[in-house]
Amino acid sequence: MATESTLLRVLLRQRHMQGYRTFCKEYDRVAKQLDTDLIGRYPSKAQFYRWLSGDLLGLPYADHCRILEKMFPGWTAEQLLSPHEGDTDSLITPPQRTAASTHPVPRPVQMPQQARLADVTAVYPSRTEFLHNVTPRDLFEGAKNIDIAGLSLNVLCQQYSDKALLDSIETGTTIKALFLDPNGHNITAREHEEGLPEGHLSMLTRLNIEALRRVGAKISPDARGQLHIRIYDEPLRYNILITDQAKCVVQPYLPDARGVESPTFVIEKDDAVPGLFATFSQVFDSMWNRAKETA
C-alpha cells in the first residue's frame, strides 16, 4: 500500500516502533550506547510527529541526528526525514546495499557537510518558523547555563513560564539576560525602523524586565546570584541565545521588518570544525561586559 510520510515513519512502522512512548524507549537505549548525557533528550511528542509527517524546515539538532543514524545504520538523518511514497517492503535495507550485492553502491563525490555549513546545523526563514519546530521548552529545559541578548527577550520572559524558569534556577541553572535599554536611544531608533508608535518597544521591554525581576524575587537564598539582568544601549544587530556553551541560536535584526520575521540560524559547537559558535559567543561576552546592571 502506498504511503505519504517520511522514510522514518515507514521504517519505524516496520519495526513496530511508531508509537511515541515506544520510540522514546528506543531513543534512550541508543543514547546509552552513544552518550549517556543524551538519555532523556528525546524529542517532544509534537516534534516526533513532525518528524513522521515531514512538517520540517530543517534538520533537528545534531544530537537527534546522531541518534537517528545510529538507530537506522546506513541511512542519513536527511534521508530519514525526507518525504517518502511507495511500498514499505522495499525499504527494509538502506540504499547503500542491494539484495544482489553486499558491496556499497558508489555515491557521487560531494563537498563534506561540515565544510559547507561549518557548525551551522539548521536554518529557518523566520523566528516564527523556528519556534514552530523548536519550542521554548526544547531550548531551556535541562540547560545549566542560559546566555541571552537581544531586544525584549520575549522567548524567555513571555513564552516560558515563570514557574519553569524558577524551577530551573533553583536546580542550578545560571541565567544572563541582556536587554536593549528601554530608556536608551537605540530602542527609539528601532521603533522608528519598524514603524511602531514611540514607546511601544520600550514599554514591552520594561514589562519583560519586571517579569524577570519578579522571578528573581522568589529565588531562595541558596540560589541567589544565579539570575543576572543587564541592559545595553547599542545598535541592535542580533538576538543571541547560548545554552550550556554548546548550542547557539542567532537571529539578525533586519531593517523595516519585525524581529519575528528575521531568519534564524542554529549553531552547535564543534571543536573539530572552525565555525560560527566562537564568533557569537565572543559577541555575547563582549556585549555583556560593556553592559550595565539594571537599576
Side-chain angles (χ1 to χ4, degrees), residues 37 61-63 114 117-124 127 130-131 134 136 138-160 165 168-169 171-187 189-190 201 205 208-209 211-213 215-216 219 223-254 259 262-295:
D37 287 343
Y61 283 145
D63 290 340
Q114 288 182 331
L117 298 178
D119 51 0
V120 177
T121 57
V123 179
Y124 297 85
R127 187 183 306 175
F130 167 71
L131 290 173
V134 182
D138 297 328
L139 291 170
F140 300 127
E141 193 170 82
K144 291 304 180 184
N145 291 281
I146 299 171
D147 297 342
I148 183 169
L151 202 164
S152 302
L153 312 188
N154 285 337
V155 69
L156 181 71
C157 302
Q158 297 292 332
Q159 298 168 6
Y160 196 59
L165 200 57
S168 295
I169 294 170
T171 55
T173 300
T174 298
I175 298 172
K176 293 180 179 178
L178 183 55
F179 294 86
L180 191 62
D181 187 348
N183 300 313
H185 164 76
N186 284 284
I187 201 164
R190 183 62 189 177
L201 294 177
T205 303
N208 285 356
I209 291 174
L212 210 52
R213 282 174 172 165
V215 172
I219 297 173
R224 299 282 180 192
Q226 290 174 208
L227 174 62
H228 308 272
I229 305 172
R230 293 186 182 183
I231 56 175
Y232 70 106
D233 189 18
E234 299 177 10
L236 189 61
R237 296 185 176 93
Y238 299 106
N239 185 298
I240 300 174
L241 167 63
I242 301 172
T243 56
D244 292 334
Q245 282 301 306
K247 294 181 181 179
C248 177
V249 179
V250 176
Q251 301 155 326
Y253 283 94
L254 305 178
S262 61
T264 303
F265 303 87
V266 180
I267 302 165
E268 298 191 54
K269 185 178 182 181
D270 186 343
D271 292 329
V273 179
L276 299 180
F277 183 91
T279 298
F280 286 105
S281 179
Q282 189 276 329
V283 169
F284 178 88
D285 289 343
S286 178
M287 292 174 63
W288 182 260
N289 291 335
R290 292 194 302 272
K292 62 182 180 179
E293 302 286 344
T294 56

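No hydrogens, no waters, no symmetry mates; every other heavy atom, side chains included, goes into these values.
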Item to complete: Using a 4.5 Å cut-off on heavy atoms from C-beta on, say whether the side chain of L276 contacts that of V120.
Response: yes

Worksheet entry | All salt bridge (Lys or Arg N to Asp or Glu O under 4.0 Å) counterparts of R237, not counting sequence neighbours | none

Item to complete: Check whether any side-chain heavy atom of I187 sits under 4.5 Å from a side-chain heavy atom of D181, and report yes or no.
Response: no

Item to complete: Could I get the full list of side-chain contact (heavy atoms from CB on, under 4.5 Å) partners for N239, not counting sequence neighbours?
Response: R127, Q251, Y253

Worksheet entry | CG on D285 to CZ on F280, rounded to 0.5 Å | 13.5 Å

Worksheet entry | side-chain contact (heavy atoms from CB on, under 4.5 Å) evaluation trace for Q159 with L139 | CA-CA 11 Å; Q159 298 168 6; L139 291 170; over 6 Å; no

Response to the item:
Shortest non-hydrogen pair, S152 vs C157, comes out as O-SG, 4.4 Å

Item to complete: With rounding to the nearest 0.5 Å, note down the distance linking CG in L180 to CG in L151.
Response: 5.0 Å

Fill in: Partners meeting side-chain contact (heavy atoms from CB on, under 4.5 Å) with F265 (sequence neighbours left out)
V123, P252, P263

Worksheet, complete the sentence: Sorted by chain and number, sequence neighbours left out, side-chain contact (heavy atoms from CB on, under 4.5 Å) with V283 holds for I240, M287

Worksheet item: Out of curiosity, L227 CG to L165 CG, how far, rounded to the nearest 0.5 Å?
Response: 7.0 Å

Worksheet item: In chain order, what residues pass the ring-ring contact (aromatic ring centres under 6.0 Å, His included) check against Y160, with sequence neighbours excluded?
Response: F140

Discussion item. On a heavy-atom basis, which atom in C248 and which in V250 lie closest, and how many Å separate them?
Written reply: SG-CG2, 3.4 Å

Worksheet, complete the sentence: Residue set satisfying side chain to side chain donor-acceptor pair (under 3.5 Å) with Q158, at least two apart, ordered chain then number -> N208

Worksheet item: S281: what forms a side chain to side chain donor-acceptor pair (under 3.5 Å) with it, not counting sequence neighbours?
Response: Q245

Response to the item:
Per side-chain contact (heavy atoms from CB on, under 4.5 Å), T264 is matched among V249, L131, L241 by V249

Fill in: Contact summary for G150 and L236, nearest pair of heavy atoms
O-CD1, 3.8 Å

Practice prompt. Ignoring hydrogens and angles, tell me if any N or O in the side chain of T173 forms a donor-acceptor pair with the backbone of A143 under 3.5 Å.
Written response: yes

Fill in: By side chain to side chain donor-acceptor pair (under 3.5 Å) - contacts of D233 (at least two apart)
N186

Discussion item. The criterion is side chain to side chain donor-acceptor pair (under 3.5 Å); which residues satisfy it with T121, sequence neighbours excluded?
Written reply: E268

Worksheet item: Atom CG in D244, atom NZ in K269: separation rounded to 0.5 Å?
Response: 11.0 Å

Worksheet item: Do N183 and I231 come close enough that some side-chain heavy atom pair is under 4.5 Å?
Response: no

Worksheet item: How far does CZ of R230 sit from OG1 of T294, to the nearest 0.5 angstrom?
Response: 10.0 Å

Discussion item. Tell me if a side-chain donor or acceptor on R290 pairs with a main-chain N or O of Y232 at a distance below 3.5 Å.
Written reply: no

Fill in: Distance, nearest 0.5 Å, that separates CD1 of I175 from OG1 of T243
12.0 Å

Fill in: Side chain proximity check, D270 to F277, heavy atoms < 4.5 angstrom
no

Discussion item. Give me the atom names and distance for the closest heavy-atom approach of A291 to L178.
Written reply: CB-CD1, 3.4 Å

Worksheet item: Under the ring-ring contact (aromatic ring centres under 6.0 Å, His included) test, which residues partner Y61, sequence neighbours left out?
Response: none

Worksheet entry | Flag, side chain of R190 to backbone of P235, donor-acceptor distance under 3.5 Å | no

Discussion item. Once salt bridge (charged side-chain N to carboxylate O under 4.0 Å, His left out) is applied, what residue pairs with a partner in residues 140-159 remain, sequence neighbours excluded?
Written reply: R137-E141

Worksheet item: Among all residues two or more places apart in sequence or in another chain, which pass the side-chain contact (heavy atoms from CB on, under 4.5 Å) test with T174?
Response: N145, Q226, H228

